[in-house]
Amino acid sequence: SPLPMESPGQMESLYKPARVESRWQEAWEAEGHYAAGAGATRTGQPPAWRRPVQLTEAASMVIKVCLAGATGWAGSELARSMPRAAGLALVAAVSRRHAGRALGEVLGEPQLTCPVYASATEALAAPCDVFVEYTKPDSARTNILTALERGAHVVVGTSGLTDGDFAEIDVVARKQQRGVLACGNFA
């Protein structure tokens, strides 16, 4: 049967012994901080590692994405969804046929303002955090290796790469300390 509780504070004390809190508080005060409340700093605020992350801090983190194959069947749908994804910014696109134009002009989506480049090498001249590969197997391997060498993490949506291709990609990814997520497009 549940334990009888007289106040909500009793439940908290079951999971957070006062002894642990007091030791933490003693250590904090020993560092020159005073306790204006459990674990408060000189300003009366809890230390940063105890405060919840504010939405404004999280919202300011934006992952810059370069999308190769942005005008293809799968890539164009991914590109169209990017403006609705919080925390993502499409900064460059790759499409040989539409190079030199804005992606929004090509796809009929005005909110997509990133430039379209003819090659991954050109598109990766501007830094990005993640390179998404949605082209064809004959160019995908080179695009992935180029992105890794430029310091981007990679998501591979292209199917048809060989075990040898992935072995080479793995070596470069480990050397560059970058992640690669391979989720081939089998549509």
Side-chain angles (χ1 to χ4, degrees), residues 48-187:
W49 58 270
R50 276 194 99 189
R51 286 193 298 261
V53 174
Q54 299 297 316
L55 287 178
T56 55
E57 293 174 36
S60 67
M61 293 178 51
V62 175
I63 298 170
K64 296 180 280 185
V65 178
C66 176
L67 175 59
T71 60
W73 182 77
S76 63
E77 290 305 313
L78 182 58
R80 285 184 178 99
S81 69
M82 296 284 264
R84 294 187 302 273
L88 296 177
L90 189 56
V91 297
V94 179
S95 172
R96 290 181 308 230
R97 195 174 327 143
H98 302 287
R101 299 170 64 189
L103 185 58
E105 177 187 328
V106 175
L107 298 180
E109 298 284 339
Q111 70 273 22
L112 296 172
T113 59
C114 71
V116 179
Y117 297 93
S119 71
T121 302
E122 292 174 21
L124 289 163
C128 70
D129 302 306
V130 176
F131 179 83
V132 179
E133 167 55 47
Y134 259 115
T135 62
K136 298 187 183 299
D138 58 341
S139 59
R141 185 183 133 285
T142 302
N143 291 348
I144 294 164
L145 294 173
T146 301
L148 289 169
E149 291 290 342
R150 298 281 173 94
H153 297 280
V154 178
V155 176
V156 183
T158 304
S159 57
L161 294 168
T162 67
D163 288 342
D165 293 334
F166 282 116
E168 185 178 359
I169 291 165
D170 182 57
V171 168
V172 175
R174 288 175 189 272
K175 177 183 166 207
Q176 297 294 327
Q177 298 182 344
R178 294 289 164 240
V180 174
L181 173 63
C183 46
N185 173 18
F186 297 106

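This is a predicted model, so every value here is computed, not measured.
Interatomic distance, L67 CG to L88 CG, rounded to the nearest 0.5 Å: 11.5 Å. The distance from atom CZ of R141 to atom CG of L161, rounded to the nearest 0.5 Å, is 9.5 Å.
Minimum heavy-atom separation, L90 to C114: O-CB, 3.4 Å. For V62 against A89, the heavy-atom pair with the smallest separation is CG1-CB, 3.5 Å. Across A99 and A118, no two heavy atoms sit closer than the pair CB-N, 3.5 Å. The shortest non-hydrogen separation linking P110 to T113 is O-CG2, 3.7 Å. When all heavy atoms of Q176 and L148 are compared, the closest pair comes out as CG-O, 3.4 Å. Counting all heavy atoms, side chain and backbone alike, L103 lies closest to A79 at CD2-CB, 3.9 Å.
Defined by atom type and a distance below 3.5 Å, a donor-acceptor pair is missing between the side-chain atoms of T146 and N143.
Within 6.0 Å of CZ on R96 lie no more than 12 heavy atoms contributed by other residues, nucleotides or ligands. The neighbour count for I63 CD1, taken as heavy atoms of other residues, nucleotides or ligands under 6.0 Å away, does not exceed 12. The environment of D163 atom CG is sparse: at most 12 non-hydrogen atoms of other residues, nucleotides or ligands sit within 6.0 angstrom.
R150 places no side-chain N or O within 3.5 Å of a backbone atom of C128 that could act as its donor or acceptor partner. In terms of modelled atom types and a separation under 3.5 Å, the side chain of T158 and the main chain of E133 share a donor-acceptor contact. The closest donor-acceptor contact from the side chain of D165 to the backbone of T162 lies under 3.5 Å.
The shortest distance between side-chain heavy atoms of V65 and M82 falls below 4.5 Å. For the pair R178/V154, no side-chain contact is recorded, criterion being any heavy-atom separation below 4.5 Å from C-beta on.
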